[in-house]
Protein chains: 2
Amino acid sequence: MSKAGKKAYSIIRSRILSGDFPPKTHLKEEELTTLCDVSRTPIREALRSLAADYYVEIIPNRGTFVTDWSSDDVEDIFNMRMLLEGYAAQQAVVKATPEDIEELTTYCNNIDLLLSQDGPIDVEAFLAENRLFHRKLWQASGSKRLSALLLRLVAQPVVARTVMAYTRQDIRRKNEHHREIIEAIKAKDSAWARSIMSSHILAARHVYTLAFLDDPS
Amino acid sequence: MSKAGKKAYSIIRSRILSGDFPPKTHLKEEELTTLCDVSRTPIREALRSLAADYYVEIIPNRGTFVTDWSSDDVEDIFNMRMLLEGYAAQQAVVKATPEDIEELTTYCNNIDLLLSQDGPIDVEAFLAENRLFHRKLWQASGSKRLSALLLRLVAQPVVARTVMAYTRQDIRRKNEHHREIIEAIKAKDSAWARSIMSSHILAARHVYTLAFLDDPS
DNA sequence: TTCTTCTATATTGTATACAAAGTTCTTAAA
DNA sequence: TTTAAGAACTTTGTATACAATATAGAAGAA
């Protein structure tokens with residue numbers, strides 16, 4: 001995607017995530033041109049791209065509508081991530097270079113640094129490092145297709161919401177998982193790497209479930 | 001995608017699959033307009049869509065290029081299919097309705113009918129029924145996202161090529177797998193369903209490997 | 001000759017006008 | 001009052017013109 005299209009994509013996406021465009025909303029191209037200050041051509045490009053990432057659904061000759069998510073969808077996304085990220089970790093055992101391992105370690109150290117600081121934890125900073133760790137691992141798995149698939153999966157609105165629920169304790173545990181994955185890679189133990197990564201995603205699902213789905217009344 | 005865009009998508013895709021547009025080819029929008037007899041707007045739409053399906057890669061301000069596949073990619077696609085289709089089969093155990101099961105059975109019967117006929121087997125007809133079986137199973141799993149993901153995975157050029165290598169024996173075995181999956185669903189045994197589906201995909205990988213990657217000189 | 005820079009050309013990116021399809025509202029008949 | 005048909009309007013789809021960017025080639029300096 002190019003300049004104007006990217007701009008439109010990012011503006012529309014953030015409006016969807018913020019709730020300005022709730023599920024089922026009909027996104028009209030003409031209105032979006034004034035919102036994004038670009039012409040309809042890049043707007044349409046952005047909408048197609050958002051559809052590829054499952055943010056919206058395009059019905060030919062009818063229009064573009066914001067997709068709505070059920071709790072089944074949340075379950076699905078976590079399960080698919082468990083499978084695919086587990087596979088990525090397994091492949092990384094075979095494909096990762098010493099440089100890859102070093103880079104992964106750096107991200108772990110950065111998160112530890114955040115944890116060691118006093119006061120409320122900087123969740124945004126953690127998320128940035130966390131994202132870097134995971135993407136690096138996908139890349140280290142050596143499969144561009146796997147990376148592309150996972151990129152789309154974790155871009156999902158449900159995943160974007162998950163993060164708000166993390167406590168200091170959760171983050172500490174997540175980083176321990178990261179370190180264990182690195183160890184498994186160093187030990188060339190693909191089953192271990194895969195298993196830890198699966199646990200890692202399942203733990204995230206648990207945090208999400210507690211925070212958003214249960215109603216402790 | 002709409003009328004003109006779909007037309008362009010299908011024409012360009014078939015040219016890629018046929019080898020008319022080999023890997024790394026620079027697909028120029030202007031040239032494609034004469035080939036597809038539509039304007040550049042739907043051509044661009046088709047190219048974006050082809051990029052979403054990994055047929056081509058778009059580099060901003062540079063152009064669109066046909067992606068090239070390595071044998072690692074083939075391995076990857078089969079492995080991811082094994083994971084995701086296995087998951088689909090597992091979910092189908094929980095979600096499938098009696099009508100779904102009936103429909104799946106019909107496709108199995110159709111394939112048996114093909115096998116019972118004399119003379120060389122109609123591979124194209126088998127493929128059609130096979131595709132229907134798999135897609136029905138994805139749909140029965142109840143996850144639209146999983147369906148969308150798998151649809152893109154099996155659309156890959158490498159997968160499209162696989163099919164040419166099937167013998168009568170291979171097809172018979174594949175249909176036996178199909179029937180066993182149905183049985184597992186009826187028995188509400190998700191582990192069995194998943195396991196058979198994984199075997200099913202691994203067997204396909206084996207056939208592919210024998211036919212295209214080994215060189216029995 | 002070789003390298004750099006500038007210009008010409010080719011190609012992609014964006015805006016806009018017009019066409020086609022869908023939606024809504026009005027009006028007339030049952 | 002309800003339904004059906006049709007016209008007016010809205011929205012998406014397609015073509016095309018123009019702008020921005022990248023590429024290739026030519027001219028000039030080292």
Side-chain angles (χ1 to χ4, degrees), chain A residues 1-16 20-68 144 148 151-152 155, chain B residues 1-16 20-68 144 148 151-152 155:
Chain A
M1 224 171 359
S2 205
K3 214 177 141 201
K6 226 165 188 153
K7 179 181 170 189
Y9 178 96
S10 137
I11 291 175
I12 298 167
R13 177 177 176 275
S14 73
R15 291 278 176 142
I16 292 173
D20 276 354
F21 295 148
K24 304 262 186 187
T25 304
H26 185 180
L27 299 178
K28 291 165 191 169
E29 296 173 356
E30 194 56 50
E31 288 176 14
L32 295 174
T33 59
T34 59
L35 174 67
C36 303
D37 196 39
V38 295
S39 83
R40 270 184 62 213
T41 308
I43 290 287
R44 285 173 66 82
E45 190 190 3
L47 289 176
R48 303 301 145 114
S49 201
L50 287 162
D53 294 347
Y54 311 112
Y55 286 104
V56 301
E57 244 176 302
I58 297 174
I59 303 172
N61 288 313
R62 298 279 301 276
T64 303
F65 303 85
V66 179
T67 58
D68 64 339
K144 284 177 73 176
L151 198 63
R152 283 186 183 154
Chain B
M1 226 173 356
S2 206
K3 214 178 144 200
K6 226 166 187 152
K7 180 182 171 188
Y9 178 95
S10 137
I11 291 176
I12 298 167
R13 176 177 177 276
S14 72
R15 292 278 176 142
I16 292 173
D20 276 353
F21 294 149
K24 306 261 187 186
T25 304
H26 185 179
L27 299 177
K28 291 166 191 169
E29 296 173 357
E30 194 54 51
E31 288 176 15
L32 295 174
T33 59
T34 59
L35 174 68
C36 303
D37 196 38
V38 295
S39 83
R40 269 183 63 211
T41 309
I43 291 285
R44 284 173 67 83
E45 190 189 2
L47 290 176
R48 298 312 202 264
S49 200
L50 286 162
D53 295 348
Y54 312 112
Y55 286 103
V56 301
E57 245 176 302
I58 297 174
I59 304 172
N61 288 314
R62 297 279 302 275
T64 304
F65 303 85
V66 179
T67 58
D68 64 338
K144 284 178 75 176
L151 199 63
R152 284 187 183 152

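Proteins get letters first, then strands, A, B, ... in listed order; numbering begins at 1 in each. Values reported hereafter were calculated over all heavy atoms of this structure, with side chains retained and with hydrogens, waters and symmetry mates removed.
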Specify the separation, in whole Å, of atom NE2 of A:His26 and atom P of C:dG22. 13 Å

Whole angstrom is fine here: how far is it from CG in B:Leu27 over to C1' in C:dT11? 13 Å

Under the side chain to side chain contact (heavy atoms under 4.5 Å, CB included) rule, what do A:Tyr9 and A:Asp53 come out as? Steps first, then yes or no, please. CA-CA 11 Å; A:Tyr9 178 96; A:Asp53 294 347; 2.5 Å; yes

Please find the pair of heavy atoms, one from A:Ala46 and one from A:Ala8, that lie closest to each other, and give the distance. CB-CB, 3.8 Å

Where each residue is assigned the nucleotide of DNA chain D containing its nearest heavy atom, which of A:Lys3 and B:Ser2 is assigned the position nearer the 5′ end? B:Ser2

Identify the two heavy atoms, one from A:Tyr54 and one from B:Arg152, that lie closest to each other, and give their separation to 0.1 Å. OH-NH1, 3.7 Å

Residue of the set A:Leu27, A:Ile11, A:Thr33 for which side-chain contact (heavy atoms from CB on, under 4.5 Å) holds with A:Ile43: A:Thr33

Name the closest nucleotide to the B:Arg62 side chain, picking from D:dT23, C:dT23, C:dT11. D:dT23

For the pair made of NZ in A:Lys7 and P in C:dT14, what is the distance, rounded to whole Å? 11 Å

Distance check: side-chain N/O of B:Ser39 vs OP1/OP2 of D:dA15, anything under 4.0 Å? yes

From the options C:dG22, D:dT14, C:dT12, select the nucleotide whose nearest atom is closest to the side chain of B:Thr41. D:dT14

Taking A:Ser2 for its side chain and B:Pro60 for its backbone only, find out whether a donor-acceptor pair lies under 3.5 Å. no

Rounding to an integer number of Å, can you tell me how far B:Arg40 CZ sits from C:dG13 P? 8 Å

Rounding to an integer number of Å, can you tell me how far A:Asn61 CG sits from C:dA21 C1'? 5 Å

B:Phe65 CZ to D:dA22 P, in whole Å, measures 13 Å

So if I define the base as every atom that isn't primed, P, OP1 or OP2, how would nucleotides 5-10 of chain D read as a B/S/- string at a heavy-atom cutoff under 4.0 Å? ------

Rounded to whole angstrom units, what separation is found between the CD atom of B:Glu29 and the C1' atom of C:dT11? 8 Å

Given DNA chain C, 5'-ward residue of the pair A:Gly5 and A:Pro60, judged by closest heavy atom: A:Gly5

Check this one for me: any side-chain N or O of A:Arg44 less than 4.0 Å away from OP1 or OP2 of C:dA15? no

Please confirm whether the backbone N or O of B:Val66 pairs with a side-chain atom of B:Thr25, one donor and one acceptor, at under 3.5 Å? no

What's the CE-C1' distance between A:Met1 and C:dG13, to the nearest Å? 13 Å

If the threshold is 4.0 Å, N to carboxylate O, is there a salt bridge linking B:Arg62 and B:Glu57? no

